[in-house]
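First the structure, in the form of structure tokens, and then the observations on it.
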Amino acid sequence: MNTSTSKKLFARASKVLPGGVSSPVRAFKAVGSSPLFIRRGKGATIEDVDGNRLIDYVMSWGPLIHGHAPSGLIKAVTAAAKRGTSFGAPSPLEHDLGEQVRSLMPSLERVRFVSSGTEAAMSAVRVARAFTGRDRIIKFEGCYHGHADAFLAKAGSGATTLGVPTSPGVSRAVAADTLLARYNDLASVEALCSSHKGSIAALIVEPIAGNMGVVPPATGFLSGLRDITARHGILLVFDEVISGFRAAAGGAQAVFGVTPDLTCLGKIIGGGLPVGAYGGRADIMALVAPAGPVYQAGTLSGNPVAMTAGQWALKRLTPRLYKDLARRGTLLAAGLADAARDAGVALQVNAFGSLLTPFFTSSPVTDYDSALKADTDAYATFFRAMLERGIYGPPSQFEAWFLSAAHTDRHVNDTVKAARSALKVVAARSGSRRMR
Ligand code: KE4
């Protein structure tokens, strides 16, 4: 596969952008090759600057549930842009989208738009601290809530991928207020609540973890978190930046029937443009400026073009869409598992609807420790072999593969066919490693 132009562009980019990219996981550091520079995307495929066309399972890390550049979306955002790209003033689009979000997720009695998932999560925690008058938060090892200081302790996603799950540059004082629990382990949460009685403001969780790779909640885990936090006067914050509108139109909170006090949203809510949001109980959100004293602001919050994209995306979240996504997600997961078994490669495929992660390990992956047992070299070999075969997966073992409405059975079958051959490469590599 010719990637000479990408290589040239990466060399040039590295002279002006730290690591040559605008977000670390894109640098392909964990998969031993240099990143592809993308020229265009349409439907389920992307084309790089060397003309290679690939079936895409990164899908911009989740926002593109309707696929790349759906014509209706392009038409809508073009028309919106012609009316002005930003006003820095209220427009009807914001409360229209806010009402759409509330109709899909009734727990968001009030919602504030921001421009990223990071802004959503950091703002939700600030409001929770103001509402409770407490300072500490609980997060889970391997979960990722964006790059605000409070969350960069044993964080997943790119932080784990690059081996910096606890980032330098976070002050000791901030780090001391972030307590770490184990995903799917209620006892670890109970223990923290008991030893820090009265000082924990919020527990923030990915209700379906996507940033250590996909790890669904164990039965009773989310309802258990709801009980424990209610008993201790701790606010329950669902970070649904990935699972929101992905697991179902109402997000994980609808699937599992657990109502959080606050929810963070991102990705799909912006239809591929920069939108994040946080919201929840009216009595809590009443603290957000200018209604209340908790300050949070943003130049491009509620941007009219981004709001238009979000409206377009949320209007098309039909039951049929989720049925198709779940069916194809299951088809892909089963195909990868079968291919691995036939190739004699240890693989655990965790899946939830249109989210999945193939973990190169023989033991089940139910939390961060078990995810870290995966063979990241094997994943890197698989990733490169799949790229050679026209499949663009996430360049990290600790990320989710995303399907979209544009992925057809044909795409999935072609992906499984490519995996059958790529997994033989992995088997041969591990075979040669065993002989050393
Ligand atoms: P952003 O600031 O990247 O919009 O959102 C942060 C965030 C918050 N919460 C969850 C559950 C998330 O998954 C994310 C961001 N996800 C990563 C991919 N796992 C974004 C990709 C990247 O960092 O380049």
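Counting starts at 1 for both ligands and their atoms, following the listed order. Heavy atoms only: backbone and side chains are in, while hydrogens, waters and symmetry mates are out. Counting from 1, the numbers follow the sequence of the chain as shown.
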Please determine, by modelled atom types, if Tyr57 and Thr415 share a side-chain donor-acceptor pair under 3.5 angstrom.
yes
Lys/Arg N to Asp/Glu carboxylate O, Asp135 vs Arg129, below 4.0 Å
no
Please check if atom CZ in Arg39 has more than 12 non-hydrogen atoms from other residues, nucleotides or ligands closer than 6.0 Å.
yes
List by chain and number: which residues place a heavy atom under 4.0 Å from ligand 1?
Ser23, Val25, Trp61, Ser116, Gly117, Thr118, Tyr144, His145, Gly146, Ser157, Glu206, Asn211, Asp239, Val241, Ile242, Lys267, Glu399
With sequence neighbours left out, what residues match Ser370 under side-chain hydrogen bond (donor to acceptor under 3.5 Å, both in side chains)?
Asp367
Above 12 or not: heavy atoms from other molecules or residues under 6.0 Å from CZ of Arg327?
yes
Taking atom OG1 of Thr263 and atom CG of Leu108, what is their separation to the nearest 0.5 Å?
4.5 Å
